[in-house]
Amino acid sequence: MTSTVPVTGVPAWIVLGRTVAGAAVAYLDPGGMEQRRHEVAASELADWIAHAEAEWAPRWVWHDTPQWYPALLAHGVRIARCHDLRLCHVILRASALVDPHAPVRTAAGWDAAPHVTLEAAAPTLFDFEGPADAAKGPPADLDDALAEFTRQRDAIAGGAEPGRLRLLTAAESAGALVAAEMQAAGLPWDAAAHDRILTETLGERGTGGQPANLAASAARVRAALGDPTASLDSQPKLLRALHRVGVLVESTSRWELAEQRHPVIEPLLEYKKLSRLLSANGWAWLAEWVDDGRFRPVFVPGGVVTGRWASSGGGALQLPRQLREAVRADPGFTLVVADVAQLEPRVLAAMSGDLTLAGAARDRDLYAGIVESGAVATRSEAKIAILGAMYGATTGESGRLVPRLRRTYPRAMGLVDDAARTGEDGGLVSTWLGRTCPPPSEVWAEAQSRASEADATGADETRARRWARDRGRFTRNFVVQGTAAEWALAWLADLRTRLDAIPPVPAERSAPRSGPVFARRPHLAFFLHDEVIVHTPVEHAEAAAQAVKDAADTAGRILFGDFPMDFRLDVRTAITAFKD
DNA sequence: TCATTTAGCGCG
DNA sequence: AAAGCGCGCTAAATGA
């Protein structure tokens with residue numbers, strides 16, 4: 001190990017770069033000045049990082065979290081803080097809070113996709129394979145990392161709102177750590193419970209054919225169609241079969257079918273429901289995605305343009321509520337399941353400084369508060385109206401209700417209306433912390449200028465207007481959805497720190513399938529936009545639940561200071577994640 | 001034959 | 001029959 005040479009002062013950052021033999025590391029002082037650098041062999045890297053983490057607790061700077069952290073976790077090494085250059089680059093290069101000429105905007109190579117792997121801990125991750133490996137993901141070299149880190153620090157410090165961008169880049173990077181940790185720990189999944197749900201719903205699996213209940217509903221559909229060989233899985237064929245019996249729908253979607261009155265409708269809707277469960281989350285899914293009691297999806301932080309996470313493989317973000325019962329804690333453990341009540345409207349109230357809407361949300365269901373204000377008559381109307389305001393509804397019940405909100409909550413509605421107008425005009429909008437939406441595509445801009453020319457046709461104008469409104473709805477929602485994602489990141493980051501402060505349980509009480517880092521302590525197991533699942537030893541369940549609540553309070557203060565908005569949580573502690 | 005697009009539905 | 005945002009995934013249809 002080469003770590004014992006004294007340095008002048010404690011390094012604030014340690015930048016990592018890959019070499020053929022392992023890693024090159026550079027120590028930076030708080031001002032960003034390089035103090036020294038050296039190399040660490042691949043075989044010693046995990047131990048060295050653990051040592052440096054304990055000694056200095058630096059913020060680790062690396063090119064791409066999925067290329068460093070999973071292997072560390074597999075070696076039992078956890079770090080507290082990092083700066084993910086790739087993720088932060090994506091934010092900074094597009095941010096309206098960064099100077100238009102900042103070098104970070106034009107740095108080459110840093111727009112690469114993350115180099116994610118389905119393996120939670122590929123043992124080969126530290127075996128750098130030279131150019132072939134470097135071709136994937138952003139630049140992995142130490143000098144590239146140092147240069148990009150300098151560009152990013154300059155972009156933040158020289159920007160309009162350094163504080164916000166510092167928060168955002170720190171939160172985004174913390175999210176990268178959480179994502180890797182959740183993949184490593186996995187979501188505890190009871191395959192037997194899943195199988196039981198499938199069998200109860202779909203029926204027994206025969207030899208080769210469809211499960212019994214699915215086959216039975218298929219038979220009922222075919223009987224109602226008077227066609228024993230009707231194809232139910234082909235949209236065009238099903239549509240023709242429906243037309244033949246007088247069901248004159250234009251599509252085979254559930255919503256349109258549900259409006260029809262015909263004996264085929266009820267069994268067909270059931271068939272579609274069962275068929276969906278079988279193909280999306282049936283026995284094949286179970287065999288492919290659940291291994292040794294864990295579902296380990298790949299979370300992709302920043303994968304959505306608004307800053308929300310995406311996922312890859314297993315449909316982690318679309319697990320049907322029906323299957324939540326299969327999420328089951330290990331023996332001696334339990335789950336703390338928490339979701340935020342009406343996160344997006346609360347965020348909208350806070351970011352617009354709308355005290356009236358904040359008042360409606362205080363200490364109660366936000367929709368109930370809106371009803372009390374008299375703006376609308378029922379909770380369901382309040383919900384439809386708020387969603388319509390945030391999504392840009394113009395017609396139907398939602399479109400009709402939105403103007404009433406405008407009168408009662410002019411500041412909140414003004415914020416989303418402004419965002420929509422900016423987007424329609426081709427402008428950029430930003431979240432609270434400075435994530436900025438992409439500029440309009442060239443095709444979009446071309447269509448707008450075409451429509452304003454003297455010889456524009458009616459079709460040109462219609463198309464331009466439609467595209468403008470489409471973009472307006474996107475930017476309208478971007479500011480709210482994106483700021484909600486920032487709140488959620490702050491929540492996650494603070495929760496992660498709080499959980500880490502809870503003492504581990506004795507080794508004999510461990511949950512070994514959660515991996516060496518999380519076997520003996522509460523840990524995040526799942527995150528979905530405004531919801532978390534913590535897997536915790538039973539004796540720490542209360543502390544974990546409290547941490548979830550405290551972290552929500554902290555997130556609110558970090559983003560919105562003293563603005564009087566509480567982010568209410570629904571917190572449940574149970575062996576399974578079953579809901580309702 | 002293989003690759004890409006579409007319809008539909010799951011989640012927030 | 002989706003009004004109204006953001007996604008991922010599957011199976012079938014369609015295109016090359």
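Chain A is the first sequence line, chain B the second, and so forth, proteins listed ahead of strands; every chain is numbered from 1. All values derive from a computational prediction rather than experimental measurement.
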(Q) Using a 6.0 Å cut-off, check whether atom NZ of A/K272 has over 12 heavy atoms from anything other than its own residue. (A) yes

Q. Once each nucleotide of nucleotides 7-16 of chain C is scored for protein heavy atoms under 4.0 Å, what B/S/- sequence comes out, 5' to 3'?
A. SBSSSSS---

Q.
If we ignore hydrogens and angles and just use 3.5 Å, is the side chain of A/R296 paired with the main-chain N or O of A/A184 as donor and acceptor?
A.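 Present.
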
Q) Side chain of A/P320: nearest nucleotide among C/dC5, C/dA2, B/dG10? A)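 Nearest to the side-chain atoms of A/P320, counting from C-beta on, is B/dG10.
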
Q | Position toward the 5' end of DNA chain C (nearest nucleotide), A/W255 or A/H529 | A |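 The 5'-side residue here is A/W255.
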
Could you tell me if [Y] and [X] have a donor-acceptor pair between their side chains, going purely by distance under 3.5 Å?
X	Y	answer
A/T378	A/Y367	no
A/R400	A/T395	no
A/Y69	A/D64	no

Q. When we call it a touch if two heavy atoms are under 4.0 Å apart, what does A/E344 touch: a base, just sugar-phosphate, or nothing?
A. nothing

Q: Mind checking A/R254 for me? I need base, sugar-phosphate or nothing, with any heavy atom below 4.0 Å counting as a touch.
A: sugar-phosphate

Q) If we take the P atom in both B/dT4 and C/dG4, what is their distance in whole Å? A)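 Going atom to atom, P in each nucleotide, I get 32 Å.
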
Roughly, in whole Å, what's the span from [atom1] in [X] to [atom2] in [N]?
X	N	atom1	atom2	value
A/L269	B/dC9	CG	C1'	13 Å
A/E424	C/dG4	CD	P	13 Å
A/R324	B/dC11	CZ	P	9 Å
A/R321	B/dC9	CZ	P	19 Å
A/L319	B/dG12	CG	P	10 Å
A/D339	B/dC11	CG	P	14 Å
A/L387	C/dA2	CG	C1'	15 Å

Q: State whether A/W467 and A/R463 meet the cation-pi test: NZ (Lys) or CZ (Arg) under 6.0 Å from the six-membered ring centroid, and within 45° of the perpendicular axis.
A: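 Yes, A/R463 and A/W467 form such a contact.
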
Q: Report the secondary structure of DNA chain C in dot-bracket form, marking unpaired bases with a dot and bases paired to a different strand with |, and treating Watson-Crick or G-U pairs with both distances under 3.5 Å as paired.
A: ....||||||||||||

(Q) Regarding B/dG12, can its base be found pairing with the side chain of A/R308 as donor and acceptor, where the two atoms are less than 3.5 Å apart? (A) yes

Q: Taking the six-membered ring for Trp and the full ring for Phe, Tyr or His, determine whether the centres of A/W432 and A/F560 are under 6.0 Å apart.
A: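 Between A/F560 and A/W432, which both carry aromatic rings, the centre distance is below 6.0 Å.
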
(Q) Centroid separation under 6.0 Å, is that true for the rings of A/F295 and A/W285? (A)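 Yes, close enough.
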
**Q.** Listed partners of A/E486 passing side-chain hydrogen bond (donor to acceptor under 3.5 Å, both in side chains), at least two apart
**A.**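 side-chain hydrogen bond (donor to acceptor under 3.5 Å, both in side chains) check on A/E486 returns A/T431.
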
Q. Is B/dA3 in the syn range, within 90° of 0, or in the anti range?
A. anti

